[in-house]
Amino acid sequence: MEGHHHRSSLKQSNKPFKSKHATKNSLNAKGKAEIKESLKTVPFSNAAKNKADRKNHAKLLQRKKKDQLLASNRLFSGSNGVPKIIVNTIVHAVVPLCPDFSFDNVLSPIFSSVNMEYTPQPGPILLNITERFKQKLQFIKLSRNIFDILDAVKICDMVLFVMSANVEVDKFGDLCIATIKSQGVPSIFHVVQYLENEKEVAGVKGSLASFMECHFSGKQSVLSSENSQDNVNLLRQMTTERPKPVHWRDRYSYLLAEGLEFTPNQENSEVGTLSVRGYVRGKHFSPNRLVHLPNLGDFQIRQISTFAAPSVSHNSMDEDEQVFVPQVEKQETLVTENIPDPLDAEQTWPTEEEIAAGDERAKLMKDEMETESVASSKKQKKKLVPKGTSAYQAAWLIDSEPEDEDDEDGEEEEYESPWPAVVPEKDDDEEEEEMEELVEESVAGGSILHADLDEDEEMRQYEEYKKRQQAEREDAEFPDEVDTPKDIMAKTRFQKYRGLKSFKKSPWDPYENLPIEYARIFQFQNFQRSKKRVMSNLHEGVSPGTYVIVQIDNVATGSYESIPTRPFIVFSILPYEQKTSLLNLAIQRPQPTAPSSQTIHDANESYTYTGLVKSKDPVILCCGFRRYVVNPVYSTHNHAPNGVHKMERFLRMGQSCVASVYGPIQFGPAPVLIMKFNTEGEKTSEPMLIATGSLLDLDVKRIIARRIILTGHPFKIHRRSAVVRYMFFNPEDVAYFKPVQLVTKQGLVGHIRESVGTHGYMKCVFDRPLTQQDTVCMHLYKRVYPKWTTELYQESKHGVLEWAGNGEKDDAMEL
């Protein structure tokens, strides 16, 4: 039975809420126009609505990923597959406790574990285990040369770290680990030697595994080289594991030379054609692109010939081959910089009389230079030495000028020694040695032998060292503060500086008063679009995994070996990467780190360089697969809306900054290593790491401003006004710098009102009352540029960075 319902007698309707109490979201929703459901577009990700479509879509993605994985693994599988490159990296000190250490002690047990005989040989060593593991392995033998290790790791598929059970890792081993981690880590394995005591196996392996886990992520296992089963397990892991990709190198094509052949040119015997044999790796190898050879430079390709993979038993090749010849219209040129036209600017044309006078002066200067060169070539330094003395022995003898030869100035100088002369007595039966004149040839670049510096030069270098130390301490305590000179007017001394109201917001034209070096570099109109176009054309040329012979044109004679005993690597560079531009590198200088050994407590035993690093000091730059000697300018690494960044005078420990240098273009990302450059001219020096980082950009509009701070002292203070002195010393300077804003170390802002007196005093007004202990500052800025001193690093010219400590030195490893 339905209940009785009474109609409400009240027709009440409550007042709605006012709009001022409504939320913003509700107001925005009311303001939006209603959209019909039929007009909404269905996103691509929601196209598969039912369960069957989603399942099919996931299956297609899984199949695509599986095909990519099989294609990458197929490159190494089978008897005709490309061998995996394994690098043996020494990371432990070889001291007299283990004098029999060599790479043969590492490779011989590995070969014996698969019943194969190991034969020592120079160059890469091939291990063919296709019958058991269906793959081939290729080992690279390395010396304790940091650049050889880094070059080999750049192209290898796996790294084998060899440690010792008797000797701990030294600072060179720490340097290897740090640099490898910075430039990209492929798949890694660990082996320990001299682990013969079975009671210590578990403890030593656990300790070394814990040490490696501090440097590399994931669980690390250490195997013994003396255990046959561990060697088999090592080979099984190497053959079954898929090589870890290194993303920055996967955009390039490269090959490891297995053989070299040089053919000199008939017209010019100093250069010739270098033929390099090896497997193509990475991307497709195009004959139209240039190749880069470490320590040699960039070269053009004459042709690429493809062959079937050589047999393991003999080095014969199949008759079928393909030849790839570069196309003239598409081949990259060796032009690295733009040639500016000095007459490109607007100017008046010289008259005929001025042209004739200039030609006459040029002719006179040329004749004088030729006369001086002929005179200097005929001039030779002579000394009297015993007959039969070699040039090397004569270098150690004290110079004695002939009696009939005057000084260079034409006047003889008398020298009185403060010590009494001691004349040795001569025996009657002693025959007088025959003396002969020996000509000492000067060597370009300095003397061959080391000579002690005189006291004046030694004192000068010591004073320079103390000056640099004092400058760094002053810059750390009072950054950028300079004293106004009294003998020179400030407007003359600081005429290249300018004041900025806001360092981050004040405009600064990046094309204002550019140096002539900026006319020699290249700039991209749209860098991202150019990079996208270059990356889309990486599939032209010889496919990876193909055995080829690459013929390289105009290689210098003597820069090759028939059988390379050191890793000889050929990198194919991308288009535009041979041209010069401004590189900005984001780097960080690490804190000084003690070596891993717990028994060494000397702070100097660190692989990082702990000395002073000043802007524009020469360093060795390793960017990607290239090495150069550069003079970088350091600046702050921050976001600047106006593109102005403050220059850093010193690169301090633990500091992140940007290093700007002139160098070849490189499409990022790319790892960056900065090593200490040996300025003393020594042929061999220990490597020292300064900083690590990556390529930031190629922005030529980046403005690096050097800041100086002129300081003054408040002499008289009246509320917000003050008389400041010691910032300037004459009224003309006060009037010249009057528009520049003043700041104090306590955050006050002010400006110069007028000059007071004749000694540089000035009345200033600030936004708040000034205190007597405050310091008045004026910030001035000047744009600085890197030095145009970039040159290719060559061991024959700049020296070898090789570990000079204890360790076995293989003579066959030298070029």
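All residue numbers refer to positions in the sequence shown, counting from 1.
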Short question: side chain of [X], backbone of [Y] - any donor-acceptor pair under 3.5 Å?
X      : Y      : result
Arg589 : Tyr609 : yes
Glu577 : Leu574 : yes
Ser164 : Asn166 : yes
Gln135 : Thr239 : yes
Thr179 : Leu175 : yes
Gln655 : Gln588 : no
Arg251 : Pro669 : yes
Ser182 : Ala178 : yes
Lys154 : Gly624 : yes
Thr546 : Val280 : no

Rounded to the nearest 0.5 Å, how far does [atom2] of [Y] lie from [atom1] of [X]?
X      : Y      : atom1 : atom2 : value
Met535 : Phe667 : CE    : CZ    : 6.5 Å
Leu792 : Leu296 : CG    : CG    : 8.0 Å
Ile620 : Leu689 : CD1   : CG    : 11.5 Å
Glu261 : Gln551 : CD    : CD    : 9.0 Å
Gln183 : Leu673 : CD    : CG    : 6.5 Å

State, to 0.1 Å, how close [X] and [Y] come at their nearest heavy-atom pair, and which atoms those are.
X      : Y      : result
Met238 : Leu137 : SD-CD1, 4.1 Å
Glu226 : Leu195 : OE1-N, 3.6 Å
Ala691 : Leu651 : CB-CD2, 4.3 Å
Cys623 : Val672 : SG-CG2, 4.1 Å
Ile177 : Met212 : CD1-CE, 4.4 Å
Leu256 : Gln138 : CD2-OE1, 4.3 Å

Going through the checks in order, is the salt bridge (Lys or Arg N to Asp or Glu O under 4.0 Å) test met by Arg566 and Asp151? CA-CA 10 Å; Arg566 298 171 60 181; Asp151 287 343; over 6 Å; no
I'd like to know if the side chain of Asn233 pairs up with that of Gln237 as donor and acceptor (distance under 3.5 Å, no hydrogens or angles considered).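 The criterion, which ignores hydrogens and geometry beyond distance, is not satisfied for Gln237 and Asn233.
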Checking side-chain contact (heavy atoms from CB on, under 4.5 Å) for the pair Leu223/His190: CA distance, chi angles, key distance, verdict? CA-CA 6 Å; Leu223 302 176; His190 315 286; over 6 Å; no
Walk me through it: do Met116 and Leu127 pass the test side-chain contact (heavy atoms from CB on, under 4.5 Å)? CA-CA 9 Å; Met116 297 186 66; Leu127 175 59; 3.6 Å; yes
Step by step, work out the side-chain contact (heavy atoms from CB on, under 4.5 Å) result for Arg281 and Ser253. CA-CA 6 Å; Arg281 301 174 185 272; Ser253 57; over 6 Å; no
Distance flag, aromatic centroids of [Y] and [X], threshold under 6.0 Å:
X      : Y      : result
Phe161 : Phe216 : yes
Phe147 : Tyr793 : yes
Tyr547 : Tyr279 : yes

Asp230/Lys205 under salt bridge (Lys or Arg N to Asp or Glu O under 4.0 Å): CA gap, chis, key distance, verdict: CA-CA 12 Å; Asp230 283 356; Lys205 285 186 177 181; 2.9 Å; yes
Below 4.0 angstrom, N of the basic side chain to O of the carboxylate: do Asp298 and Arg626 qualify?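 Result for this pair is yes, salt bridge flagged.
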Mind checking whether [X] and [Y] have side chains closer than 4.5 Å, heavy atoms only?
X      : Y      : answer
Leu538 : Tyr252 : no
Pro664 : Tyr628 : yes
Val291 : Ile573 : no
Glu795 : Asn145 : yes
Tyr118 : Ser112 : no
Val191 : Leu234 : yes
Ile674 : Thr692 : no
Ile549 : Val276 : no

Would you check, one step at a time, whether the test salt bridge (Lys or Arg N to Asp or Glu O under 4.0 Å) holds for Arg242 with Asp157? CA-CA 9 Å; Arg242 180 170 174 259; Asp157 303 306; over 6 Å; no
Ring geometry between Phe139 and Phe111 (parallel below 30°, tilted from 30 to 60°, perpendicular above 60°):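 It falls in the tilted class, 30° to 60°.
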Parallel, tilted or perpendicular for Phe571 and Tyr254, by the 30°/60° rule?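 Tilted, since the angle between the ring planes falls between 30° and 60°.
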Pair Ile301, Phe285 - check side-chain contact (heavy atoms from CB on, under 4.5 Å), show working. CA-CA 11 Å; Ile301 297 177; Phe285 208 105; 3.6 Å; yes
